[in-house]
Amino acid sequence: MKVKELIVIFLTTVAMVFIGCADNGGGGDIGGDGGGDTLTTPTPIAGFEWINPGTFTMGSSSDSDPDHYGDEVQHEVTLTKGFYMAKYAVTQEQYQSVMGSNPSYFNNNPASEEEQGKRPVERVRWYDTIVFCNKLSITEWLTPVYTIDGKTNPDDWEAIPVSDYATWDAVEMSSTANGYRLPTEAEWEYACRAGTQTVFNNGNNNYTNVGAIAWHYSNSDNKTHEIGKKIPNAWGLYDMHGNVYEWCWDWYDDYDGAATDPKGPRTPNMSYGAERVSRGGCFDHLADNARSAYRYFYGPWGGLNVIGFRLVRQQ
């Protein structure tokens with residue numbers, strides 16, 4: 001298929017999947033608990049929200065969160081660069097248009113009045129996501145973010161591994177490329193919280209109204225749902241709680257304390273296994289797993305029907 005045809009397919013998909021254009025930025029001048037001065041919003045991108053840089057408290061404490069886990073130790077994080085974050089998780093139709101296949105377990109029988117193609121893609125491996133990101137970047141004439149063995153075109157990479165593979169685990173992420181990528185774990189939580197420090201990003205420290213913002217075990221009918229059916233957070237991002245977990249860039253490890261622009265360890269901590277982080281909770285887990293601070297993890301070679309992903313773009 002020619003590049004021009006791919007561009008047409010992708011733009012058509014964006015028009016179907018994303019409702020309207022991004023407004024003047026999700027981050028505003030909120031910046032967690034220290035966003036600083038009002039910042040100029042870059043040019044809006046359809047389907048994305050601009051998230052301003054800022055400082056926030058990442059993690060949770062047993063004092064403020066009754067379901068706190070020991071790997072959620074609170075610490076201050078500063079993000080010095082803003083970024084565009086997709087308003088929605090990648091959908092099945094968007095994934096199909098780029099990759100030519102749909103790995104999702106939930107590939108039929110959507111809920112009433114919901115569209116099958118607009119359900120989030122799942123059962124997608126972490127390795128798959130970096131291929132998707134670079135392919136989409138190339139299609140849109142953007143600079144790919146990920147490099148494996150010195151190459152940025154996934155057509156030049158080896159077949160996507162089905163088990164841990166050192167060459168793919170050594171993938172490098174450019175800090176200057178303007179293409180698509182996964183959020184870092186810190187970026188994900190910062191964007192999810194949208195200036196809040198409560199258990200959920202709607203300001204709640206309990207589970208009374210969690211169903212308004214999240215698909216979880218008690219309200220999902222044990223299936224994924226069309227994106228954008230719940231209330232967005234204050235920065236215009238949907239389904240940050242529930243529906244499917246979302247892959248992040250980072251290897252899973254303990255937090256190191258206060259940090260600036262953290263990207264996680266360069267290599268996995270093998271005492272935990274070679275696991276990449278995912279965030280946000282899912283349709284099949286209890287609502288406490290959808291908390292802003294909750295951390296989930298899985299091997300990058302594996303795809304589960306509870307894990308999808310969301311795109312980020314650098315300026």
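Although no hydrogens or angles enter the test, the distance criterion places no donor-acceptor pair under 3.5 Å between the side chain of Asp256 and the main chain of Pro265. Distance alone, capped at 3.5 Å, is enough to place a donor-acceptor pair between the Thr184 side chain and the Glu187 backbone. Side chain of Gln116 to backbone of Phe106: a donor-acceptor contact under 3.5 angstrom is found. Panel note: side chain Tyr127, backbone Tyr165; a donor-acceptor pair is recorded below 3.5 Å. Judged by distance alone, the side chain of Asn178 and the main-chain N or O of Thr143 form a donor-acceptor pair under 3.5 Å.
Between the side chains of Asp261 and Thr80, at least one donor N or O sits under 3.5 Å from an acceptor N or O. With hydrogens and angles left out, the side-chain atoms of Ser61 and Asp63 include no donor and acceptor closer than 3.5 Å. If you check the side chains of Glu72 and Ser60, you find a donor sitting under 3.5 Å from an acceptor.
The distance from atom CD of Glu189 to atom CG of Asn201, rounded to the nearest 0.5 Å, is 11.0 Å. Here NZ of Lys223 is found 6.5 Å from NE2 of His225. Values are rounded to the nearest 0.5 Å. Within the model, atoms CD of Gln315 and CZ of Phe83 stand 12.5 Å from one another, a figure rounded to the nearest 0.5 Å. Atom CG of Leu237 and atom CZ of Arg193 lie 14.0 Å apart (nearest 0.5 Å). Separation of atoms CD1 (Ile138) and OG1 (Thr152) is listed at 5.5 Å; rounding is to 0.5 Å. Distance check: Asn134 CG to Tyr180 OH gives 12.5 Å after rounding to the nearest 0.5 Å.
When all heavy atoms of Ala177 and Ser174 are compared, the closest pair comes out as N-OG, 3.0 Å. The shortest heavy-atom contact between Thr57 and Gln197 is O-NE2, 2.9 Å. Counting all heavy atoms, side chain and backbone alike, Arg313 lies closest to Ile45 at NH1-CD1, 3.6 Å. Nearest approach of Trp215 to Ser220, heavy atoms of both residues: CE3-CA, 4.0 Å. Nearest heavy-atom pair, Pro103 versus Val121, reported as atom, atom and distance to 0.1 Å: CD-CG2, 3.9 Å. Nearest approach of Val145 to Arg181, heavy atoms of both residues: CG1-CB, 3.9 Å.
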| request: Quick one: do Trp235 and Tyr190 satisfy ring pair (Phe, Tyr, Trp, His ring centres under 6.0 Å)? Show the steps, please. | output: CA-CA 11 Å; Trp235 292 354; Tyr190 176 67; 5.2 Å; yes
| Stepwise side chain to side chain contact (heavy atoms under 4.5 Å, CB included) check, Tyr296 with His285 | CA-CA 11 Å; Tyr296 194 64; His285 290 181; 3.8 Å; yes
| Does the pair Ile307 and Ser278 meet the rule for a side chain to side chain contact (heavy atoms under 4.5 Å, CB included), with working shown? | CA-CA 7 Å; Ile307 306 180; Ser278 61; 4.1 Å; yes
| task | Would you check, one step at a time, whether the test side chain to side chain contact (heavy atoms under 4.5 Å, CB included) holds for Val77 with Thr55? | result | CA-CA 6 Å; Val77 171; Thr55 298; over 6 Å; no
| query | Hey, mind stepping through Asp239 and Arg310 against side chain to side chain contact (heavy atoms under 4.5 Å, CB included) and telling me if it holds? | reply | CA-CA 10 Å; Asp239 301 312; Arg310 183 182 304 253; 4.2 Å; yes
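Ring pair His75/Tyr255: centre-to-centre distance below 6.0 Å. Taking the centre of each ring, Tyr146 and Trp157 stay at or above the 6.0 Å mark. The aromatic ring centroids of Tyr294 and Tyr69 lie less than 6.0 Å from each other. Here the two rings, on Phe132 and Phe309, have centers that are under 6.0 Å apart. Annotation: Trp126 is in aromatic contact with Trp249 [ring centroid separation under 6.0 Å]. No close placement of the Phe283 and Tyr217 rings is indicated, their centers lying 6.0 Å or farther apart. Aromatic ring centroids of Phe200 and Tyr207 lie under 6.0 Å apart.
Under 4.0 Å is where a charged nitrogen must lie from a carboxylate oxygen, and between Asp155 and Lys135 at least one such pair does. Using a 4.0 Å cut-off between a side-chain N of Lys or Arg and a carboxylate O of Asp or Glu, Lys229 and Glu114 do not qualify as a salt bridge. By the 4.0 Å N-to-carboxylate-O rule, Glu275 lies too far from Arg295 to be salt-bridged with it. Salt bridge Lys263/Asp250: absent, no basic N to carboxylate O contact under 4.0 Å. Between Glu226 and Lys118 no salt bridge is recorded (no basic side-chain N to carboxylate O distance below 4.0 Å).
Linking Ile, Leu, Val, Met, Phe, Trp and Tyr whenever their side-chain heavy atoms come within less than 4.5 Å puts Tyr95 and Leu304 in one cluster. In this structure, Leu142 is a member of the same hydrophobic cluster as Ile148, with clusters built from ILVMFWY side-chain heavy atoms closer than 4.5 Å. Connection of Val244 to Trp247 is not established within any shared hydrophobic cluster, with ILVMFWY side chains joined at heavy-atom distances below 4.5 Å, either directly or through further cluster members. The same ILVMFWY cluster, assembled from side-chain heavy atoms under 4.5 Å apart, contains both Met85 and Met58. Hydrophobic clustering, with ILVMFWY side chains joined whenever heavy atoms are under 4.5 angstrom apart, keeps Phe297 apart from Trp251.
Considering only heavy atoms from C-beta on, Asn205 stays 4.5 Å or farther from Asp65 through its side chain. Taking 4.5 Å as the limit, some side-chain heavy atom of Asn202 sits within range of a side-chain heavy atom of Asn209. Residues Cys192 and His241 form a side-chain contact, since some pair of their non-hydrogen atoms from C-beta on lies under 4.5 Å apart. Inter-residue side-chain proximity for Arg119 and Thr91 is flagged as unmet; no heavy-atom pair is nearer than 4.5 Å. By the 4.5 Å heavy-atom criterion applied to side chains, Trp188 and Leu182 are not counted as neighbours. Here the side chains of Glu122 and Ser104 are in contact, with some heavy-atom distance below 4.5 Å. Side chains of Asp164 and Asp169 form a contact here, defined as non-hydrogen atoms less than 4.5 Å apart. Residues Gln314 and Thr176 fail the side-chain proximity criterion, which asks for heavy atoms closer than 4.5 Å.
Screening Thr224, Asn107, Asn102 for a side chain to side chain donor-acceptor pair (under 3.5 Å) involving Gln92 leaves a single residue, Asn102.
Relative to the six-membered ring of Trp301, Arg125 misses at least one condition, a distance below 6.0 Å or an angle of at most 45° to the axis. Both the sub-6.0 Å distance and the 45° axial angle are not jointly satisfied by Arg123 relative to the ring of Tyr105.
Partners of Ser271 according to the side chain to side chain donor-acceptor pair (under 3.5 Å) rule, which considers only residues two or more places apart in sequence or in another chain, are Asn269.
The 12-atom threshold is exceeded at CG of Asn153, counting heavy atoms of other residues, nucleotides or ligands nearer than 6.0 Å.
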